[in-house]
Amino acid sequence: MEPLIGMGVLALMGAAATIAGASEDLESDVGSQSNPNSQVQLAPQMMYPHRIFNKAISGEPPSNALLAAVGGASASVLMSAYSMSVVFAIAVGALIAAGIHGTYATTAYMGRSASQKRFRQPVYLDIVRSHVPVMMGFAYITTFCILVVSYLMTTVLGHPFPLTLLAFIWGITVGAVGSSTGDVHYGAEREFQNVEFGSGLNAANSGNIVRKAECGLRNGIDNSWFCAKFGGPVTGLAFGMTVFLSGWITTIFDPSMGANIGWLSIVAGLAIILILIIGNRRLEVFARNQYGPYKEDEEVTA
């Protein structure tokens with residue numbers, strides 16, 4: 001393949017992956033399917049009933065892997081058995097996955113809230129009506145973009161894995177990126193705004209989440225509005241870089257061109273990882289010196 005064509009395809013894949021990462025993170029914020037979800041589950045048991053949608057079907061990686069695999073399998077069947085065009089097949093496959101996701105989200109929320117009746121946690125039907133369509137929309141965008149990435153890898157870049165398997169792998173990846181990157185901007189910053197930044201969660205504050213929003217009682221859409229300003233875009237950037245850089249290495253240094261080129265691709269990958277590690281470390285040290293209770297306490301002089 002011509003390098004220019006490969007770079008163009010990689011750019012398109014990176015753009016689609018960026019959108020997928022952002023939508024995945026925002027979907028998990030609406031439904032509270034992320035690391036801080038444990039505090040949302042614990043809140044009613046600590047006598048803090050709330051209006052935050054709490055589904056937590058599973059962790060984000062397996063949940064998104066299911067969505068992507070269902071969408072990929074549906075699209076593959078539509079293209080092979082019914083000769084449907086690629087665009088329509090991917091769109092219909094993503095729609096089927098979004099419908100399944102909405103079903104799981106509804107049953108998970110209803111079941112979990114009903115099981116917390118003894119703690120006086122109500123089941124808010126208006127929350128179901130307002131949140132489930134939003135989560136299905138974000139899930140549709142995520143699945144659609146992942147299927148686009150997977151299809152380009154199989155047809156243009158010549159990846160040996162089938163569409164469904166690639167979609168499954170990228171689904172796990174986008175869920176892991178959303179869980180590790182996006183949640184940082186959703187936990188203490190949103191649920192525990194009354195706690196000093198960087199101080200961690202004291203056991204006495206477990207379940208005592210912030211339940212009041214800017215106007216009225218807080219819900220999952222309020223969380224998504226907050227995270228759309230930073231957490232979602234950062235997650236999208238992280239996943240987009242993952243897809244682009246992983247493909248860039250083998251496009252520029254194509255292992256099929258010879259053993260020496262293959263070794264160059266390995267060296268380039270290790271160099272990228274080393275650069276990212278050093279950059280992350282420097283950024284962390286800078287943040288600790290500028291924010292949070294990491295500074296040494298100044299001596300109080302009389």
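Shown here are the side-chain contact (heavy atoms from CB on, under 4.5 Å) partners of A238, two or more places apart in sequence or in another chain: V177, T181. Applying the side-chain contact (heavy atoms from CB on, under 4.5 Å) test to P133 and every residue at least two apart in sequence or in another chain returns nothing. In this view, R218 satisfies the salt bridge (charged side-chain N to carboxylate O under 4.0 Å, His left out) rule with no residue, not counting sequence neighbours. Applying the side chain to side chain donor-acceptor pair (under 3.5 Å) criterion to S23, with sequence neighbours excluded, gives T142. Not counting sequence neighbours, the partners of F244 by the side-chain contact (heavy atoms from CB on, under 4.5 Å) test are M7, L10, W248. Listed by chain and residue number, nothing satisfies the side-chain contact (heavy atoms from CB on, under 4.5 Å) test with P233 (two or more places apart in sequence, or in another chain). By the side chain to side chain donor-acceptor pair (under 3.5 Å) test, N280 is found to be paired with no residue, residues two or more places apart in sequence or in another chain being considered. Every residue two or more places apart in sequence or in another chain that forms a salt bridge (charged side-chain N to carboxylate O under 4.0 Å, His left out) with R281 is listed here: E284.
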Identify all side-chain donor-acceptor contacts of residues 146-153 below 3.5 Å with residues at least two apart in sequence or on another chain.
unit_1: S150; atom_1: OG; unit_2: I146; atom_2: O; d: 2.9
unit_1: S150; atom_1: OG; unit_2: A167; atom_2: N; d: 3.3

Using a 3.5 Å cut-off and no angle test, enumerate the donor-acceptor pairs between side-chain atoms of residues 105-114 and protein atoms at least two apart in sequence or in another chain.
unit_1: T106; atom_1: OG1; unit_2: G102; atom_2: O; d: 2.9
unit_1: T107; atom_1: OG1; unit_2: T103; atom_2: O; d: 3.1
unit_1: T107; atom_1: OG1; unit_2: Y104; atom_2: O; d: 3.0
unit_1: Y109; atom_1: OH; unit_2: Y124; atom_2: N; d: 3.2
unit_1: R112; atom_1: NH1; unit_2: K55; atom_2: O; d: 2.4
unit_1: S113; atom_1: OG; unit_2: Y109; atom_2: O; d: 3.0

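Each side chain to side chain donor-acceptor pair (under 3.5 Å) pair with one or both residues in residues 156-175, not counting sequence neighbours, would appear here, but there are none. Listed by first and then second residue, the ring-ring contact (aromatic ring centres under 6.0 Å, His included) pairs involving residues 56-103 amount to none (not counting sequence neighbours).
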